[in-house]
Amino acid sequence: MASDNKKHTVTHETIKRLDHAHLWHPFTPMQLWFEDDPVVIVSATGHDLIDDNGTHYLDGVSSLWCNVHGHNRPELNAAITNQLQQVAHTTLLGLTNVPAVLLAERLSSLVPAGLTRVFYSDAGATAVEAALKMALQFWQLSGRPSKTRFGSLVDAYHGDTLGAVGVGYADTFHRFYRTVLPDTLRLTPPHLLRWRNHLSQTEALEQAIAEATLNISEQADTLAAIIVEPLMQGAAGMWPHQPTYLRALRDITKKTNVLLIADEVATGFGRTGSMFACEQADITPDLLCLAKGITGGYLPLAATVATDEIHAAFLGSPQEGKTFFHGHTYTGNPLACAAALASLDLFISDQTLEKLGPKIANLTQQLDHHIRPLPHVADVRQCGVMIGIELAADTKTRTPYETSERMGAQVCLEARHRGVIIRPLGDVVVLMPPLSIHHSEIDRLMSVVRDAIVAVTSGDRT
Ligand SMILES: *Cc1c(COP(=O)(O)O)cnc(C)c1O
């Protein structure tokens, strides 16, 4: 085996052998993985990932929903290397550091008004865990000890740690852990009501609001918080809801004295067209979870942002025992915070959000023209640059394909052969390009996805 500083001489065959011998890939059926030749990414530039053969692939899912401004951006690289000259890591337990403070201030000015207090961690799941524990402790400290349960939407996804799984739950992902999960109120989102009960969009919205109102009101005495992915339930298969539904959840929770946690891990940092999805419903949650796009997709960092009111409940002399005893070793990592600050600067200098509107419109138009009319496309769902294309064996009766056919995965493999990296959620093909994607790359993405769907659904694969 060559030494580390000669890694360029390591052959593809060696990497493949060592990967197969020692790596356990996330969300990956490993037996199937061993049958394939892995794509080994060695570098990236702009919106392209480059493998060890020199083949370029368009990054059609933003390296799992996190890349914002493209890869290898000189501004982000410089921010990280400059910070690296100062210090790579130092703890926030009993000390503070410059990038963590400056980022907390920047975030407070960007998030919905009223959210002022930033608690750092390293992943979406940990941002959610912190929010859940803050909510539980908040009610205990406020003299309401019966408020110990959570409510969430059916098929919500909030991460893979046990607390987050408890409010999330998807059978395929989580059935082995069911016995240790707490009893959680499940609210049916409009999207599900619509298709399950064959309702119009308006009827589904009304029923979903009625269901939420009834259940939250009846159970408010035991509910600490409702957690929701605002505007788009991502991992459920890209299930959108209207801002009205989100606003209704805010109104009901306020009226019944239940906290609202907005999980903007996926939707935050421009993904829905505005900086945060909550803005489109004009709401401020009590707790806001941020991760994925926070560093522009460069380094692991997450934040749970709380209101003054929540934070104030934790104040008191140490003997009162109100402290939030929670944290992680790498909390507020200076390199990650420096990358996040530079990413926020790029939002301004690149005019990222200003340029996003026309790109979203372009995506909508091309989806309508090239994807929606395909014979096996049952539904196309879009919120900003978050897109789900649902495949079905029969679109009229919405009869799904056999799971064993792995149609979503097949389409993504076909797209990869044509130079585009995307990933499915079951038979929903997910597209989530970086916000900085060019219009010409949108054209390429759409034509490859169309060709891949046609090739796989007509049995005419390359
Ligand atoms: C991805 C995701 C998470 C989990 O984030 P990780 O960084 O993977 O732990 C939580 N909530 C939502 C809405 C997500 O999309």
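Both counts, for ligands and for their atoms, begin at 1 and track the order of listing. What you see is a predicted model, and the numbers here were worked out from it, not measured in a lab.
If you look at ligand 1, the protein residues with a non-hydrogen atom under 4.0 Å away are Trp65, Ala123, Gly124, Ala125, Tyr157, His158, Gly159, Glu229, Asp263, Val265, Ala266, Lys292.
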* **Test log, rule side-chain hydrogen bond (donor to acceptor under 3.5 Å, both in side chains), inputs Asn362 and Gln366** => CA-CA 6 Å; Asn362 186 5; Gln366 298 213 35; 2.9 Å; yes

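One finds no salt bridge joining Asp52 and Lys16 here, because no Lys/Arg side-chain nitrogen approaches an Asp/Glu carboxylate oxygen to under 4.0 Å. Using a cut-off of 4.0 Å between Lys/Arg side-chain N and Asp/Glu carboxylate O, Asp183 and Arg149 are scored as salt-bridged. Ion pairing between a basic and an acidic side chain is recognised when a charged N comes within 4.0 Å of a carboxylate O; Asp155 and Arg196 show no such pairing.
In summary, the aromatic rings of His326 and His328 are positioned with their centroids under 6.0 Å apart. Ring-centre distance between Phe173 and Phe27: below the 6.0 Å cut-off.
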